[in-house]
Number of protein chains: 2
Amino acid sequence: MQSYTEENYLKVIYHLSEISHPVQTNAIADRIQTKAASVTDMIKKLSEKELVHYVKYQGVTLTEKGKLTAINIVRKHRLWEVFLVDKLNFKWDEVHEVAEELEHIQSNLLIERLDEFLDYPKVDPHGDPIPDKNGNFAEMTFVKLSKLKNGDKGNITGVSEHSSPFLKHLEKLGLTLGKRVEVIDVVEFDGSVELLLEQEKLNISREVAKHILITKN
Amino acid sequence: MQSYTEENYLKVIYHLSEISHPVQTNAIADRIQTKAASVTDMIKKLSEKELVHYVKYQGVTLTEKGKLTAINIVRKHRLWEVFLVDKLNFKWDEVHEVAEELEHIQSNLLIERLDEFLDYPKVDPHGDPIPDKNGNFAEMTFVKLSKLKNGDKGNITGVSEHSSPFLKHLEKLGLTLGKRVEVIDVVEFDGSVELLLEQEKLNISREVAKHILITKN
DNA sequence: TTCTTAATTTAGACAAATCTAAAAATAATT
DNA sequence: AATTATTTTTAGATTTGTCTAAATTAAGAA
């Protein structure tokens with residue numbers, strides 16, 4: 001069993017691993033609001049417990065054991081977020097801090113029952129995927145935004161057009177990678193799409209919609 | 001704000017205060033699974049924070065501030081227990097440990113929303129009362145067990161007959177102070193009462209039932 | 001009252017997680 | 001390649017909560 005603090009380190013290393021490999025000491029220090037020296041100390045400890053691979057001055061990567069632990073914390077965090085939004089009517093931007101605490105509650109039974117109670121959600125309120133109890137993420141597939149129907153929700157995960165004018169246009173609209181959108185209406189007349197992006201309405205042309213890739217969920 | 005550990009001490013002192021006043025160092029040490037020396041240290045700290053009144057060798061009592069803090073933790077503990085039993089189908093004897101962790105989650109919004117979601121329960125699954133957010137407990141009144149109807153539940157809070165044979169009889173049946181009972185059936189023929197006590201059926205005569213006091217809830 | 005026992009407190013040490021300041025290693029720049 | 005800058009690590013100190021062992025106080029018994 002790991003301490004609250006160890007769990008936080010593992011979780012942060014897991015998230016940072018998606019950006020850079022291996023993860024640097026300073027990157028962890030920034031995220032955890034601590035100093036590089038403290039990170040080094042903790043990394044040594046995690047390394048002794050075989051939760052991370054660590055080579056001096058080279059940064060860390062999670063071991064299989066560490067990764068599974070981290071994914072389990074992510075699972076708990078996201079399930080609690082669903083609970084807070086779906087059952088307790090929290091807004092999607094109010095849930096993070098509370099979930100940061102709830103994710104450390106130790107009880108497998110609790111989490112399995114919560115999962116069942118929430119009807120086995122596949123994504124959290126931000127659209128991030130919820131791994132199952134074995135640490136597996138459901139396979140996700142890209143769909144063109146132009147293929148979505150009214151009420152469909154998903155996250156922007158890529159584009160199929162890489163020209164600078166197009167990307168600048170998206171940037172200006174706020175349609176950046178990872179953002180979550182909901183289709184409010186597909187206008188029959190011109191095929192343009194009415195979206196909800198961070199509580200704001202937005203209309204984009206069918207041409208634009210055709211080149212935005214969405215992971216539906 | 002208090003630490004996890006400080007909260008636990010306050011909670012334990014609160015519960016022990018109902019038995020003896022002031023609370024002794026050793027009593028706390030037993031409950032918290034620690035040593036008397038550690039308790040002394042912590043008590044000094046709580047005393048400096050004005051959460052307890054402390055006189056050397058005389059034990060501790062909670063200050064008003066300490067009491068309110070403790071009651072708030074009890075409130076959270078009991079609300080979570082209701083959640084676990086009512087929503088996640090935990091059995092009443094499986095909830096304690098998990099609630100011991102959940103009670104320390106810091107978020108007033110969370111607790112108010114949980115309270116609402118559970119429809120403002122007045123008692124936890126063991127029949128213990130849940131204080132409101134201001135620390136007030138709902139007024140409770142005694143009723144003779146013989147006055148209860150089918151399906152009524154409550155806790156044994158006293159007797160109106162203090163003879164030794166009677167008390168020994170109750171002891172043998174397991175009908176001790178604080179125990180929770182549910183009336184399954186009042187037999188019309190002789191007025192005897194069929195009870196559920198810790199998942200076990202039990203029949204007691206009307207004479208016995210007349211002298212057991214219940215706080216209904 | 002005096003002796004004995006039990007409860008409590010002090011003193012000093014320890015583990016976990018953190019910090020500051022200085023040293024060492026790596027990366028970037030000229 | 002040499003120098004500078006950045007990153008990382010070490011060494012030693014600090015805080016929180018705990019411990020053991022010894023000293024002190026209170027309570028009970030003779």
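Each chain gets a letter, A, B and so on, in the order its sequence line appears, and its residues count up from 1. What you see is a predicted model; the values in this text were computed from it and never measured.
- Considering only the side chain of A:Y57, C:dA25 comes nearest among C:dA25, D:dT18, C:dT9.
- Among the heavy atoms of the strands lying under 4.0 Å from B:Y54 are primed sugar atoms or P, OP1, OP2 only; no base atom is included.
- The CD-P distance, from B:E7 to D:dT16, rounds to 16 Å in whole Å.
- Atom CG of B:N26 and atom P of C:dT8 are 5 Å apart (whole Å).
- Following rounding to the nearest Å, A:Q58 (CD) and D:dT9 (C1') show an atom-to-atom distance of 13 Å.
- For B:I28 and C:dA7, the CD1 to P distance is 14 Å, given to the nearest whole Å.
- Just one of A:K179, A:R180, A:K91 meets the salt bridge (Lys or Arg N to Asp or Glu O under 4.0 Å) condition when paired with A:E198; it is A:K179.
- With distances taken from any side-chain atom of B:K44 to the nucleotides C:dA25, C:dT10, D:dT10, the minimum falls on C:dT10.
- When each of A:K133, A:K122, A:R75 is paired with A:D115, the salt bridge (Lys or Arg N to Asp or Glu O under 4.0 Å) condition holds for A:R75 and for no other.
- The distance from atom CE of B:M42 to atom C1' of D:dT18 is 9 Å, rounded to the nearest whole Å.
- Judged by distance alone, with hydrogens and angles left aside, the side-chain atoms of B:S47 form no donor-acceptor pair with the main-chain N or O of B:I43 at under 3.5 Å.
- Between the NZ atom of A:K35 and the P atom of C:dT18 there is a distance of 12 Å, given to the nearest Å.
- Mapping B:Q24 and A:Q33 onto DNA chain C by nearest heavy atom places B:Q24 at the nucleotide closer to the 5' end.
- Residue B:K56 places at least one side-chain N or O under 4.0 Å from the OP1 or OP2 atom of C:dT10.
- Using a 4.0 Å cut-off, some side-chain N or O of B:T25 falls inside it from OP1 or OP2 of C:dT9.
- The distance from atom OH of B:Y9 to atom P of D:dT18 is 4 Å, rounded to the nearest whole Å.
- For B:T40 and C:dT9, the shortest distance from a side-chain N or O to OP1 or OP2 is below 4.0 Å.
- Checking the phosphate oxygens (OP1, OP2) of C:dT18, no side-chain nitrogen or oxygen of A:T34 falls inside 4.0 Å.
- B:E81 and B:H77 share a side-chain donor-acceptor pair at under 3.5 Å.
- Atoms CE (A:M1) and P (C:dA16) sit 16 Å apart, rounded to a whole Å.
- Remark: B:K87 qualifies as a cation-pi partner of B:F117 under the 6.0 Å distance and 45° angle criteria applied to the six-membered ring.
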